[in-house]
Amino acid sequence: MSVTTRFAPSPTGYLHIGGARTALFSWLYARRHGGRFVLRIEDTDRERSTPESIQAILDGMQWLGLAYDEGPYYQTRRFDRYREVIGQMLDNGQAYHCYCTHEELEEMREQQRAQKLKPRYDGRCRQRREPREGVEPVIRFRNPQDGEVVIDDLIRGSIRISNSELDDLIIARSDGTPTYNFVVVVDDCDMGITHVIRGDDHINNTPRQINIMQALGHEPPRYAHVPMILGADGKRLSKRHGAVSVLQYREEGFLPQALLNYLVRLGWSHGDQEVFSREEMIEKFDLPAVQKSAASFDPEKLLWLNQQFLMNMPAAEVAEHLAWHCERMDLDTSNGPSLEQLIPIQAGRCRTLVEMVERSRYFYQEPEGYDEQAAGKNLTTETAPALAALKDRLAALDAWQGEAIHAAVKQVSEELELKMGKVAQPLRVAVTGGTVSPSIGDTLVLIGRQRSLARIDRALDYIQA
RNA sequence: GCUCCCAUCGUCUAGUGGCCUAGGACGUCGCCCUCUCACGGCGAAAACCGGGGUUCGAGUCCCCGUGGGAGCGCCA
């Protein structure tokens, strides 16, 4: 049987790290097995679901490159189907009307809690035939009372839950709308889902869903419950800690591939391998190698990975992402080196694309001034002779090329009997405005001959003034 | 409270009874490279939650404890 997985977010917020990883695992598993990956929007909570959230989830998945083969399906468009199934279950006694009021149920739970019992519906409407005046009933699933449910989890192995721990859950509200645990089952059946990969906070729902599934005469899918992701402080992710939208990682200058790689390694491993291309991930991912315990999100490691990709991905590909940031950060790069030229020499010094833009401005714009400390130390009457000598020597160069420039700087330093740093650093400050840049040769090459010489002049003027 | 899940360096993890004097990666620290910043190279510190079993032998299997997490909704 071919594999079908699904990602089923509820559109009550953006796509965050945890959701993205669940989506990634589902996507990988489907790809790995040549199966289908279905996107289903679980929007039955009409109060909290929003179109903005749906869009944010779609955008997030697109940026990550997690393409779905089918969907998105919307549960709110399938209400007829749910009603149909509920009707069948009512007819054959698998479900029944419950006329208990909120107050009654609350009181019942209170009593149970007082007796240190798990609060559960006690089934008092199971046998009721007559409606109750003035009460719109909910519909409950008649859960088996004996035996147990065994989940053969692909990650955790066998999990057993006694049916006596379960109660008759509500499958339709009094307004007739179906509830989560029910629609999931109908959808998973109808959509032919073979593998449900989801957060381990759903483990407790699984036996209920399996019971409903079996009542419907369906073979349950395989389940794989992945552990949750904790914030860097080891606490549960919340808006306060890092449960931010994946799109925020784009804004902060991360490559989708880096985030994907980080996410896949958070809870999964393939021996000691740390860096994976998309293809390798697909080829090597498997469920039994997924960790059982929760993992903390480590921003430092993500930063490191991002730089690995900046350094090793084809420059043309990185350039596309970099262009997005230049645009966003108001850097016009039309009058300077191409991004493809820029990337190889900057990647080793930047952990994010945002950093790369910030540290590359002087290739395209005149520095707005000199860094105060840098100028104080490097643009002085002491260094002026070196700058002047550099200017002459550089102006006389045949080819404006890295090695030649480096050689020129070296010659000047030898002639003036100065250390390389005493010459290169003033030059660096003169042309970039600061003390940090790629090697002096690369820097001048990308800035360009005319601009470089003009900037040296300007620095000389600055020293005189 | 009840049920379920989980437990190796600060963090992500390797480890499926002997190969473990517990390996790798991020981070940290030191050294090297060096025109700055980085990259890179080399090295160091750093962990099997505790207690019982099982076994010739346990990080690995079992039990108990402890700690963390999840669920117990007319939310998903």
Side-chain angles (χ1 to χ4, degrees), chain A residues 8-12 42-45 47-49 75 98 100 102 105-106 109 112-121 136-140 151 153 156 159-162 164-167 169-175 177 179-181 183-184 199-207 225 227-228 230 232 234-236 262 265-275 288-289 291-305 307 311 346-351 359 374 378 406 409-410 413 419-429 432 434-441 443:
Chain A
S10 62
T12 55
E42 311 221 318
D43 55 352
T44 53
D45 183 349
E47 304 276 293
R48 297 196 297 152
S49 299
Q75 293 185 319
C98 167
C100 296
H102 285 98
L105 294 174
E106 196 40 55
R109 290 191 198 109
Q112 288 165 332
R113 267 190 272 264
Q115 293 170 65
K116 304 195 176 203
L117 296 171
K118 182 200 271 196
R120 296 159 58 240
Y121 180 64
E136 277 304 317
V138 298
I139 298 168
R140 286 184 187 272
I151 308 168
D153 194 280
R156 282 151 212 276
I159 302 171
R160 321 172 80 91
I161 298 91
S162 170
S164 61
E165 292 295 332
L166 273 24
D167 62 359
L169 76 163
I170 291 171
I171 58 174
R173 306 181 178 94
S174 47
D175 67 2
T177 57
T179 60
Y180 170 73
N181 278 110
V183 295
V184 165
D200 66 5
D201 49 333
H202 284 282
I203 288 181
N204 292 290
N205 289 323
T206 306
H225 289 99
M228 55 185 273
L230 272 23
K235 293 197 183 115
R236 191 185 173 149
Y262 180 74
R265 279 288 287 105
L266 200 58
W268 173 78
S269 58
H270 183 75
D272 286 337
Q273 187 171 349
E274 295 287 353
V275 181
Q291 197 81 7
K292 296 193 193 83
S293 52
S296 296
F297 189 88
D298 181 4
E300 282 296 329
K301 190 160 183 179
L302 172 59
L303 248 5
W304 172 78
L305 261 176
Q307 181 168 32
M311 291 190 299
Q346 286 280 236
R349 359 182 96 76
C350 305
R351 301 204 289 181
R359 304 177 67 165
N378 294 289
H406 180 256
V409 175
K410 197 163 182 189
S413 78
K419 284 188 181 174
M420 191 64 177
K422 292 287 180 192
V423 178
Q425 200 59 351
L427 176 57
R428 170 171 284 115
V429 176
T432 70
T435 56
V436 175
S437 88
S439 75
I440 203 67
T443 302

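Quick note on labels: first sequence line is chain A, next is B, and so on, each numbered from 1.
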Between the base of [N] and the side chain of [X], is there any donor-acceptor pair under 3.5 Å?
| X | N | value |
| --- | --- | --- |
| A:E274 | B:rG24 | yes |
| A:S174 | B:rC74 | yes |
| A:R156 | B:rC5 | no |
| A:D201 | B:rG71 | no |
| A:N205 | B:rA76 | yes |
| A:R120 | B:rC72 | no |

Scan every strand shown for a Watson-Crick or G-U wobble partner of B:rC74, both distances under 3.5 Å, and answer none if you come up empty. none
Both distances under 3.5 Å, Watson-Crick or G-U wobble: report the partner of B:rC26, or none. B:rG10
As a test of reading the structure: which of [options] is closest to the side chain of [X], going by heavy atoms?
| X | options | answer |
| --- | --- | --- |
| A:K118 | B:rG1, B:rU36, B:rC39 | B:rG1 |
| A:I170 | B:rC26, B:rC12, B:rG73 | B:rG73 |
| A:I440 | B:rC35, B:rU36, B:rA14 | B:rC35 |
| A:I159 | B:rC4, B:rA76, B:rC26 | B:rC4 |
| A:I161 | B:rC12, B:rC4, B:rA76 | B:rC4 |
| A:V138 | B:rC74, B:rU36, B:rC2 | B:rC74 |
| A:V436 | B:rU36, B:rA76, B:rG27 | B:rU36 |
| A:D298 | B:rG10, B:rU13, B:rG69 | B:rG10 |
| A:A424 | B:rC35, B:rG69, B:rC74 | B:rC35 |

Mind checking whether A:H202 and A:Y180 have parallel, tilted or perpendicular rings, split at 30° and 60°?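 A:H202 and A:Y180: tilted rings.
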Can you tell me if A:H406 is stacked onto the base of B:rC35, using a 5.5 Å centroid cut-off and an angle below 30°?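 A stacking contact does not exist, since A:H406 is not both close and nearly parallel to the base ring of B:rC35.
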Roughly how far apart, to the nearest Å, are [N] and [M] at atom [atom1]?
| N | M | atom1 | answer |
| --- | --- | --- | --- |
| B:rU28 | B:rG10 | C1' | 9 Å |
| B:rG53 | B:rU16 | P | 26 Å |
| B:rC48 | B:rU60 | P | 12 Å |
| B:rC20 | B:rG52 | C1' | 23 Å |
| B:rU55 | B:rA46 | C1' | 32 Å |

Scan [X] against the nucleic acid and name what it touches under 4.0 Å (heavy atoms): base, sugar-phosphate only, or nothing.
| X | value |
| --- | --- |
| A:K116 | sugar-phosphate |
| A:H102 | base |
| A:I203 | sugar-phosphate |
| A:S293 | sugar-phosphate |
| A:R113 | nothing |
| A:P438 | base |

Test of understanding: with side chain to side chain donor-acceptor pair (under 3.5 Å), list the residues that count as partners of A:R48, not counting sequence neighbours.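 Listed in chain order: A:D45.
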Roughly, in whole Å, what's the span from [atom1] in [X] to [atom2] in [N]?
| X | N | atom1 | atom2 | value |
| --- | --- | --- | --- | --- |
| A:R48 | B:rG73 | CZ | P | 16 Å |
| A:L266 | B:rA14 | CG | P | 12 Å |
| A:E300 | B:rC12 | CD | P | 14 Å |

Under-4.0 Å side-chain N/O to phosphate OP1/OP2 contact, [X] with [N]:
| X | N | answer |
| --- | --- | --- |
| A:R109 | B:rG73 | yes |
| A:S296 | B:rC12 | yes |
| A:Q291 | B:rA14 | yes |
| A:S437 | B:rC37 | no |

Taking for each residue the nucleotide of RNA chain B with the nearest heavy atom, is it A:A289 or A:T179 whose nucleotide lies nearer the 5' end?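 By nearest-heavy-atom nucleotide position, the 5'-most residue is A:A289.
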Along RNA chain B (nearest heavy atom to each residue), the more 5'-positioned of A:P119 and A:D45: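 Nearest nucleotide further toward 5': that of A:P119.
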[X] and [Y]: which non-hydrogen atoms are nearest, and at how many Å?
| X | Y | result |
| --- | --- | --- |
| A:Q346 | A:P438 | NE2-CG, 3.5 Å |
| A:S49 | A:D43 | OG-CA, 3.5 Å |
| A:W304 | A:V275 | CH2-CG2, 4.4 Å |

Looking just at side-chain N and O atoms, do A:R428 and A:Q425 make a donor-acceptor pair shorter than 3.5 Å? yes
From A:Q75 atom CD to A:E42 atom CD, the distance as rounded to the nearest 0.5 Å: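 Spacing of CD (A:Q75) from CD (A:E42) equals 4.0 Å.
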Do A:T177 and A:T44 touch side chain to side chain, with heavy atoms closer than 4.5 Å? no
